[in-house]
Amino acid sequence: FCHIYLAEKEFPRGFTFDTDEMNFPTDGLCFDGLISMIDPPRATVPDAVVKCRTAGIRVIMVTGDHPITAKAIAGSVGIISEGSETVEDIAARKRVPVEQVDRREARAAVINGGQLKDMTSDELVDLLRTHPEMVFARTSPQQKLIIVESCQKLVSLSWGLRDI
């Protein structure tokens, strides 16, 4: 949090601050402090994930959290297994750009709402098929529905393949 005193003549009560236009000063600010909040998963979640996996149920995390937060939580509850890597992890380990990593090498994937918005239905189904550990972050309610429909499509495709 920061504070700065604004002249009432330039910024009267009801003034509309626009972060796109930056119609307010951004220099000369004084740092006042920082606040942090934690909302940990319930203590029973890791055991529930293990029980689901043992029963053959795949657990996918869909959240509105930031991708970094979502990945950390997924790791702490076992949705992303210890030792599983995302494309970004592999790129960091190999010290190469993400674009040079074969996406099929990654067991886990963390996809944000912006990436999901740019995907076709088939791309999403393929992503679900090739990454057994999935986390979707910063998703909207509409995107959550798209994820569920893609999971249903993947299951119906799998059932069809088993019948052949």
Side-chain angles (χ1 to χ4, degrees), residues 1-2 17 19-20 29 31-164:
F1 294 102
C2 299
F17 292 90
T19 55
D20 291 328
L29 298 174
F31 181 73
D32 278 347
L34 182 67
I35 294 177
S36 179
M37 181 177 85
I38 186 167
D39 183 17
R42 293 189 178 133
T44 57
V45 173
D47 186 51
V49 171
V50 168
K51 287 179 180 176
C52 286
R53 286 198 167 165
T54 302
I57 299 169
R58 181 177 175 191
V59 180
I60 296 172
M61 180 174 165
V62 182
T63 180
D65 287 337
H66 187 279
I68 294 171
T69 305
K71 182 181 178 187
I73 292 169
S76 74
V77 300
I79 292 171
I80 294 180
S81 306
E82 190 173 330
S84 286
E85 293 180 305
T86 63
V87 172
E88 294 79 12
D89 296 331
I90 294 168
R93 179 174 44 83
K94 292 182 174 181
R95 296 187 175 146
V96 298
V98 172
E99 296 77 26
Q100 291 182 11
V101 175
D102 180 357
R103 296 197 174 280
R104 292 170 292 183
E105 286 183 57
R107 179 171 172 75
V110 179
I111 304 299
N112 67 49
Q115 293 169 309
L116 188 57
K117 183 181 68 162
D118 296 334
M119 281 184 199
T120 66
S121 175
D122 289 339
E123 288 172 330
L124 180 54
V125 169
D126 187 54
L127 192 71
L128 287 162
R129 181 183 294 118
T130 57
H131 295 85
E133 299 178 350
M134 292 291 309
V135 175
F136 293 94
R138 288 280 195 243
T139 55
S140 68
Q142 182 182 8
Q143 288 174 323
K144 290 175 183 180
L145 179 62
I146 291 167
I147 293 165
V148 169
E149 289 170 344
S150 294
C151 288
Q152 290 170 333
K153 184 175 180 181
L154 178 62
V155 169
S156 67
L157 289 171
S158 298
W159 284 344
L161 291 175
R162 287 190 193 132
D163 292 340
I164 295 176

Using every non-hydrogen atom in the two residues, find where S76 and P41 come nearest and quote the distance to one decimal.
OG-CG, 4.4 Å
Would you check if I60 and L128 make a side-chain contact, meaning some heavy-atom pair closer than 4.5 Å?
yes
Report yes if the side chains of Q115 and L124 come closer than 4.5 Å at any heavy-atom pair, otherwise no.
no
For the side chain of E123 and the backbone of T120, is there at least one donor-acceptor N/O pair under 3.5 Å apart?
yes
With heavy-atom distances below 4.5 Å as the criterion, would you say the side chains of L116 and I147 are in contact?
yes
Can you name the nearest heavy-atom pair linking M61 to A70, along with the distance?
CE-O, 3.7 Å
Evaluate the side chain to side chain contact (heavy atoms under 4.5 Å, CB included) criterion for residues L127 and M119: first the C-alpha distance (whole Å), next the side-chain angles of each, then the deciding distance (0.1 Å), finally the verdict.
CA-CA 10 Å; L127 192 71; M119 281 184 199; 3.6 Å; yes
Is a donor on one side and an acceptor on the other found under 3.5 Å between the side chain of R53 and the backbone of V59?
no
Where the side chain of S140 meets the backbone of Q143, is there a donor-acceptor pair that is under 3.5 Å apart?
yes
Nearest-0.5 Å distance that lies between atom NZ in K51 and atom OG1 in T54:
9.5 Å
If every non-hydrogen atom of H66 is compared with every non-hydrogen atom of A137, which pair is closest and at what distance?
C-CB, 4.1 Å
Taking it one step at a time, do M134 and C151 satisfy side chain to side chain contact (heavy atoms under 4.5 Å, CB included)?
CA-CA 11 Å; M134 292 291 309; C151 288; over 6 Å; no
Can you tell if the side chain of E85 reaches within under 4.5 Å of the side chain of R107, non-hydrogen atoms only?
no
For a 4.5 angstrom cut-off between non-hydrogen side-chain atoms, does R42 reach V45?
yes
Check: H131 and I111 side chains under 4.5 Å, non-hydrogen atoms
no
As an exercise, state the distance from CZ of R104 to CG of D126, rounded to the nearest 0.5 Å.
9.0 Å
Does a sphere of radius 6.0 Å around CD1 in I57 hold more than 12 heavy atoms from other residues, nucleotides or ligands, not counting ones at 6.0 Å or beyond?
yes
Counting only heavy atoms not in D118 (residues, nucleotides, ligands), do more than 12 fall under 6.0 Å from its CG?
yes
Check the pair V125 / R129 against side chain to side chain contact (heavy atoms under 4.5 Å, CB included), numbers first and verdict last.
CA-CA 6 Å; V125 169; R129 181 183 294 118; 3.8 Å; yes
Could you tell me whether a side-chain N or O of T139 sits under 3.5 Å from a main-chain N or O of G113, the two making a donor and an acceptor?
no
Of the non-hydrogen atoms in A74 and V135, which two are nearest, and what is the gap between them?
CB-CG2, 3.5 Å
Taking atom CZ of R103 as the centre, does the number of heavy atoms from other residues, nucleotides or ligands within less than 6.0 Å exceed 12?
no
For D89 and T86, which I'm curious about, is there any donor-acceptor pair between the side chains at under 3.5 Å?
yes
Any salt bridge between E105 and K94, counting N to O under 4.0 Å?
yes
Measure the shortest side-chain to side-chain distance between I80 and V110 over non-hydrogen atoms and say whether it is less than 4.5 angstrom.
yes
Within-4.5 Å side-chain heavy-atom neighbours: F136 and I146
no
